[in-house]
Amino acid sequence: MADTTMDNIIALAKRRGFIYPGSEIYGGLANAWDYGPMGVELKNNVKQEWWRRFVQARADIVGIDAAILMNPKVWEASGHVGEFNDPLVEDKKTHERYRLDHLLEEQGVDVFGMSFDEMKAKLAGLNIKSPNGNELTEPKRFNMMLKTFLGPAEDAADKVYLRPETAQAIFVNFKTIIDTNRVRVPFGIAQIGKAFRNEITPGNFIFRTREFEQMEIEYFVRENEWEQYFEHWLEQMRQWVADLGAANKRVHEVEIPDGERAHYSKRTVDIEYDFPFGRKELYGLAYRGDFDLANHAKHSGQELAYTDPETGEKFVPHVIEPSFGVDRSVLLALLEAYHEDEVEGEKRTVMKFPFWLAPVKVAVFPLLRNNEQLVEEAREIFEDIAPHMTAQYDESGAIGRRYRRQDEIGTPLCVTIDHQTLEDNTVTMRHRDTLEQTRVPVGELQLRLQKVLAGESFKAIE
Ligand code: GAP
């Protein structure tokens, strides 16, 4: 991964069906990306494992899947209408727009903790020009929520927002969930879904886009217990990042100081990662206090409190929020997996995904495509395997080229049906990383594939 460039990743992502530029036949749409056949498998593996680990495997977390469009009052109560702004400046000639904090950072200014007014003063003091060398406008606060209209009339009464975070639907459903489910504080509500932000400077492939996915948990606790659960979630996030394959040295925890945190947060730790374009936020962990429940109670007129069924104590829970970006998880997985090495004198590109993340788990090949018996046997084996794990059947080209194709999508295991199979009913199994090969009886193939995918070595399963 050390030398991986974004160009390598973007080229491989397109060549092998992970991620394509969106609307390409119409010239594309800036910073919109579509997940292809391999990409959707990879992304689903991320989401499914997250859901399994944090919802299904825990007694204290329940899930929801709420509508993206919500009553606009939600975003007034949450503070997004008033506070969800970025500082925007515009090139007076080209009318291109830039984020002021990014321009200042490029000039070596440490913008950490700087208010809007301080940035404005810095801009004036340094006489910064646009990247095209032109004068810039006065900075404005730019609200990042995307808007649309419901129904045929495009007037203010019908204006709605595309949610900028999945979190608010969780707070808005808090009362219904405690009324209809047997949950006891401390407990969490989780959601995976799309979020939309009219980012001023999207870019760096799928790192910052205007449409993206989040995996979020709002974990409700008693106020005096928040620190303990903050630590718990930090540890969970560390483990998750390691399981995606991230090298420890590229992952950093950054305490966000007063003044720099989001409007709702009393403590935030950003998990940052060394991307090829710099150290940037991967995920965030925030202590939101009772900000959201208290504000929604005030604006909706509903009581959003919890009553302890044993003691009768009534209180507004405080919230710990671990927030994970799906697309940034995918980008990290692609970057960490990318390797180049040499096999039998030929350069090989291989995606060394942790096995659980690999889009395809096993590929099945007949040695020769023009040998009917080999093809028939290989197809049968493929059909036996495919209902149990994602598999591909491939009969085209020399066997070496078929291996290379699977290496490029990160398939852990390849199974080849050859002449010996017809004699003794064994097949060759080949390992993506060690390049070891072993012969396996067809009757034991499923079990042995599963064992290797679960982490056992070829030696251990023989
Ligand atoms: N509910 C809290 C929240 O939304 P955030 O730090 O604004 O906090 C959480 O976003 C995570 O969502 C980020 O850490 C990142 O992984 C992802 N994310 C945010 N904006 C994004 C964007 N424009 N493109 C891709 N991912 C984004």
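In each ligand, atom 1 is the first atom listed, and ligand 1 is the first ligand listed. Because only heavy atoms are used, hydrogens play no part in the values below, and waters and symmetry mates are left out as well, while side chains stay in. All of these numbers come straight from a predicted model, not from anything done at the bench.
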Can you label the angle between the F187 ring and the Y306 ring as parallel, tilted or perpendicular, going by 30° and 60°?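 F187 vs Y306 ring planes: tilted.
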Ion pair check, E231 and R267, cut-off under 4.0 Å: yes
Which residue holds the protein heavy atom closest to [atom], what is that atom called, and what is the gap in Å?
| atom | value |
| --- | --- |
| atom 25 (C) of ligand 1 | F207 O, 3.1 Å |
| atom 17 (C) of ligand 1 | G325 CA, 3.8 Å |
| atom 8 (O) of ligand 1 | Y264 OH, 3.8 Å |
| atom 9 (C) of ligand 1 | S323 OG, 3.0 Å |
| atom 6 (O) of ligand 1 | E281 OE2, 3.0 Å |
| atom 16 (O) of ligand 1 | L282 O, 2.6 Å |
| atom 24 (N) of ligand 1 | T209 N, 3.1 Å |
| atom 18 (N) of ligand 1 | F212 CE1, 3.5 Å |

Between F277 and F207, is the ring centre distance below 6.0 Å? yes
H431 and F355 aromatic centres sub-6.0 Å: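 Yes - the distance between ring centres of H431 and F355 falls below the 6.0 Å cut-off.
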Can you find an N/O atom of Q214 closer than 3.5 Å to an N/O atom of ligand 1?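 Among all N and O atoms of Q214, at least one is under 3.5 Å from an N or O of ligand 1.
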Using a plain distance cutoff, I'd like to know if D327 has any nitrogen or oxygen under 3.5 Å from a nitrogen or oxygen of ligand 1. no
May I ask you to identify, for Y273, whether its side chain, its backbone, both or neither come under 4.0 Å of ligand 1 on a heavy-atom basis?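 Within the 4.0 Å criterion, Y273 makes no contact with ligand 1.
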Does ligand 1 have a heavy atom under 4.0 Å from the side chain of R210, from its backbone, from both, or from neither? neither
Has R288 got any heavy atom lying under 4.0 angstrom from an atom of ligand 1? yes
Check ligand 1 against [X] and write out every atom of the ligand that is under 4.0 Å from a heavy-atom position of the residue.
| X | result |
| --- | --- |
| Y283 | 14 (O) |
| G284 | 14 (O) |
| E216 | 1 (N), 2 (C), 3 (C), 4 (O) |
| E165 | 1 (N), 2 (C), 3 (C), 4 (O) |

With respect to F205, which candidate in Y20, W33, F18, F212 satisfies the ring-ring contact (aromatic ring centres under 6.0 Å, His included) definition?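 Result: among Y20, W33, F18, F212, W33 is the only option passing the ring-ring contact (aromatic ring centres under 6.0 Å, His included) with F205.
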Report the C-alpha distance between R97 and D86 in whole Å, list the side-chain angles of each, state the deciding distance to 0.1 Å, and finish with yes or no for salt bridge (Lys or Arg N to Asp or Glu O under 4.0 Å). CA-CA 12 Å; R97 294 172 155 199; D86 268 346; over 6 Å; no
Considering Q168, E321, R197 one by one, which has a heavy atom nearer to atom 4 (O) of ligand 1 than any of the others?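 The residue whose heavy atom sits nearest atom 4 (O) of ligand 1 is R197.
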So is R328 actually on top of Y273's ring, under 6.0 Å and inside 45° of the axis? no
Looking at W356 and D243, would you say the former's side chain and the latter's main chain have a donor-acceptor pair under 3.5 Å?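 Yes, W356 side chain to D243 backbone: donor-acceptor pair under 3.5 Å.
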Is it the case that more than 12 heavy atoms not belonging to K93 sit under 6.0 Å from its NZ atom? no
Under 3.5 Å, is there a donor on one side chain and an acceptor on the other for Q392 and Q406? yes
Please list, chain by chain and in numerical order, all residues satisfying salt bridge (charged side-chain N to carboxylate O under 4.0 Å, His left out) with D179, sequence neighbours excluded.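 In terms of salt bridge (charged side-chain N to carboxylate O under 4.0 Å, His left out), with neighbours along the sequence ignored, D179 is linked to K175.
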